Amino acid sequence: MTPTFASHFDALSGWRSTLGRRVGDLCRYLGEHDLADGPINDALALLARQLAGEKLIVAFVAEFSRGKSELINAIFFADAGKRVLPATPGRTTMCPVELAYDPEEPPTLSLLPIETRLQGLSLGELRAHPRAWTHLPLNIKQPDELSQALTQVTRTRWVTQDEARTLGFWDDERPGENPPLDEDDRVEVPQWRHALINYPHHLLKQGLVVLDTPGLNAIGAEPELTLSLLPTAHATVFILGADTGVTKSDMAIWRDHLGTHNLARFVVLNKIDALIDPLATTVQVDAQIEAQRQATARTLEVPPERVFPLSARQALAARVSGNADMLAASRLAELEQALSTQLLPQRRHVMQQVVEAALARVETHVARRLGDSRRQLAEQMLELRGVRGKSSAKVRLMLKRVEEETAEFELCTTRLQALRVVHGRMLKDTLVGLSSDRLREEVAQMQSEMSASLLNLGAKRAFIGLCKRLRKLLVAAQSGGDEICDMLSASFAKLNAEFGFGLSLHKGPNLERYGRELELIERNYVQYLGLTQALRLSQPKFMEQFRRMLVSKLRVVFENVSGELELWSKGASAQVDSQLRERRRGFRRRREALERIQNAAGELEQRISEIESQDMRLNQFLARVCELTAALREHGDSQPMPLDGLPGDPDSSMLHLDIPSSDEPAPMLLRHA
């Protein structure tokens with residue numbers, strides 16, 4: 001009984017769902033007892049969305065006819081009982097295909113026409129324009145109709161050389177890489193630029209996104225695939241032919257598109273069944289496969305344990321028929337085990353860190369808030385106990401003292417108003433360098449420097465200069481955030497000393513990770529700005545597309561930096577407002593209690609008892625919050641345990657497609673955006 005990738009992923013999703021439910025329990029408890037302010041509620045809501053919307057993107061990359069689609073069918077979709085993605089000899093997938101799930105959309109195949117390249121818009125921009133896509137409904141009840149509909153991703157069309165050149169499929173400077181011409185001197189190009197498949201598979205519902213890429217020509221012609229889609233994948237599976245090893249075109253893909261990416265890479269030697277020789281023994285065949293594996297590892301400079309010989313066709317047939325011996329012979333289980341043990345724990349660790357950071361912030365906030373309330377109750381208790389046995393004149397003196405303390409405390413409002421003005425001005429100055437306008441100005445300067453050189457030969461130097469300037473902006477933002485933190489810390493200390501506040505400042509944001517994201521973008525883009533790309537960069541349409549994609553990627557980084565600084569500042573301001581309200585409420589309660597005591601001496605003991613009960617309740621609140629956060633931590637530290645499944649049994653080793661019966665309505669599904 002061997003757990004599959006599906007069962008491991010299912011376990012991780014269950015672990016994540018439990019975390020989400022417990023975060024919801026914590027949110028409800030804090031809300032019911034008024035223990036959280038706006039920023040804390042926003043942080044927990046963001047955490048809940050992150051846990052619910054966590055995606056795991058796995059990209060399958062290869063030259064044509066290496067068996068990508070068949071491997072995807074074998075790992076994820078064997079439970080459909082047949083091939084879901086088209087996988088026939090020759091060229092199959094002609095455009096990048098994303099398989100994902102959205103419960104708010106019906107099962108749909110969305111296709112982006114190849115002509116949209118002429119508009120200069122990026123895929124990210126076109127995702128927000130449904131009318132730009134061709135939408136085909138998918139009948140998930142009929143596997144034959146479903147499979148037939150998905151053959152659209154294999155469609156091509158014939159265009160003239162001029163059209164192919166405009167679309168990016170013909171390069172006069174590299175005639176050896178151009179596609180062949182037919183008898184009418186036409187070029188075969190993909191009919192679609194991109195495809196989104198909304199598919200109600202169990203794994204896709206839990207956040208898996210599968211990216212099936214076309215071959216080398218399409219990768220080279222669609223910069224966004226390599227500049228945006230592949231770098232955002234959490235893992236890539238690079239497929240080679242076991243009978244051919246690493247060919248020249250395979251090596252070009254690896255070197256140009258995968259060799260420098262900072263992601264988990266798995267290499268598959270597919271079609272080992274082609275190496276079976278009726279004149280050779282099993283031992284000899286196994287030795288040949290192992291030799292090919294070692295040679296591949298040396299060529300690609302990866303550890304041999306990251307190279308997986310297997311037969312996707314054999315594995316799919318075994319799972320469809322339930323043949324355990326055939327599945328073992330296909331060796332697919334070794335790849336699934338590697339994906340499960342090397343990729344999934346890393347995703348769990350990332351989510352665990354996010355949860356821990358949010359919990360630390362919640363605990364600090366609740367402890368500070370309850371501590372301040374208990375301190376005020378203790379002051380009232382001492383005051384009321386001092387009234388016991390005192391005359392009405394003494395009570396009047398205490399009332400007067402409360403009024404004087406209230407008036408003295410209200411003097412802090414002027415100080416707080418000045419603090420807000422200074423804080424707002426410093427924050428505004430810090431965010432200026434992170435604005436979209438500033439980002440566009442920097443990218444425009446890069447474009448100007450590129451255009452100033454002959455044939456954009458200075459493109460690489462201009463881009464590196466842009467990245468240096470952007471890093472300086474991030475450093476300036478970090479410096480500005482640190483200055484705000486120092487100013488608030490000093491101001492809070494004075495307010496605490498002079499007006500009895502209990503203000504404490506949460507640690508300021510650390511922006512180092514955004515610097516690393518910027519470095520990753522630089523590494524992914526700079527390899528496309530060398531001398532070999534100079535002619536292409538001189539084309540206005542390609543340059544405009546490059547600029548749009550670059551601005552889109554950079555904007556995400558800078559918006560996240562701005563958002564983190566603003567959220568942290570909002571939390572500091574909300575803490576001041578919260579304690580100001582609580583202090584005013586405390587003075588009002590003290591005054592009301594003394595007034596009641598002045599009118600009816602019998603209420604003194606009742607008021608003391610009420611304060612004692614309030615203090616006990618605050619203690620209970622703190623204890624319950626600690627229980628909820630401890631349960632969250634305990635579950636976050638636990639290891640997801642997959643259910644064992646029989647490798648050859650589709651009922652246990654694969655998770656089934658949710659296909660409704662004929663008398664049930666089809667479920668609502670998703671288009672990945």
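Computed from a predicted model, the values in this text were never measured in an experiment.
- Judged by the 6.0 Å distance and 45° axis criteria, Arg415 is not positioned over the aromatic ring of Phe499.
- With respect to the salt-bridge test (charged N to carboxylate O, under 4.0 angstrom), the residues Arg438 and Glu442 qualify.
- Ring centers of Phe60 and Phe266: at least 6.0 Å apart, outside the cut-off.
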Next item on the list: Please lay out, stage by stage, how Glu403 and Arg591 fare under the test salt bridge (charged side-chain N to carboxylate O under 4.0 Å, His left out).
Entry: CA-CA 8 Å; Glu403 291 173 355; Arg591 184 171 58 253; 5.7 Å; no

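- Taking the six-membered ring for Trp and thresholds of 30 and 60 degrees, Trp133 and His194 have ring planes more than 60 degrees apart, a perpendicular arrangement.
- Taking the six-membered ring where tryptophan is involved, the planes of Tyr29 and Phe621 are perpendicular, since the angle between them exceeds 60° and thus also 30°.
- Listed for the His423 side chain is no donor-acceptor partner under 3.5 Å among the backbone atoms of Ala418.
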Which pairs would a plain distance check flag for residues 472-480, meaning a side-chain donor or acceptor within less than 3.5 Å of a matching protein atom at least two apart in sequence or in another chain?
| from | atom 1 | to | atom 2 | distance (Å) |
| --- | --- | --- | --- | --- |
| Gln478 | OE1 | Leu511 | N | 2.8 |
| Gln478 | NE2 | Asp482 | OD1 | 3.1 |
| Gln478 | NE2 | Pro509 | O | 3.2 |

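- Remark: Arg22 does not engage Asp25 in a salt bridge, criterion side-chain N to carboxylate O under 4.0 Å.
- Judged purely by atom type and a 3.5 angstrom limit, Arg461 has no side-chain atom pairing as donor or acceptor with the backbone of Glu449.
- Put simply, the side chain of Ser373 gets close to the backbone of Arg369: a donor and an acceptor are under 3.5 Å apart.
- At most 12 non-hydrogen atoms from other residues, nucleotides or ligands lie less than 6.0 angstrom from CD of Glu634.
- Counting non-hydrogen atoms of other residues, nucleotides and ligands closer than 6.0 Å to CD of Glu404 gives a total above 12.
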Donor-acceptor pairs under 3.5 angstrom involving side-chain atoms of residues 484-493: please list them, not counting sequence neighbours.
| from | atom 1 | to | atom 2 | distance (Å) |
| --- | --- | --- | --- | --- |
| Ser489 | OG | Cys485 | O | 2.9 |
| Ser491 | OG | Met487 | O | 2.9 |

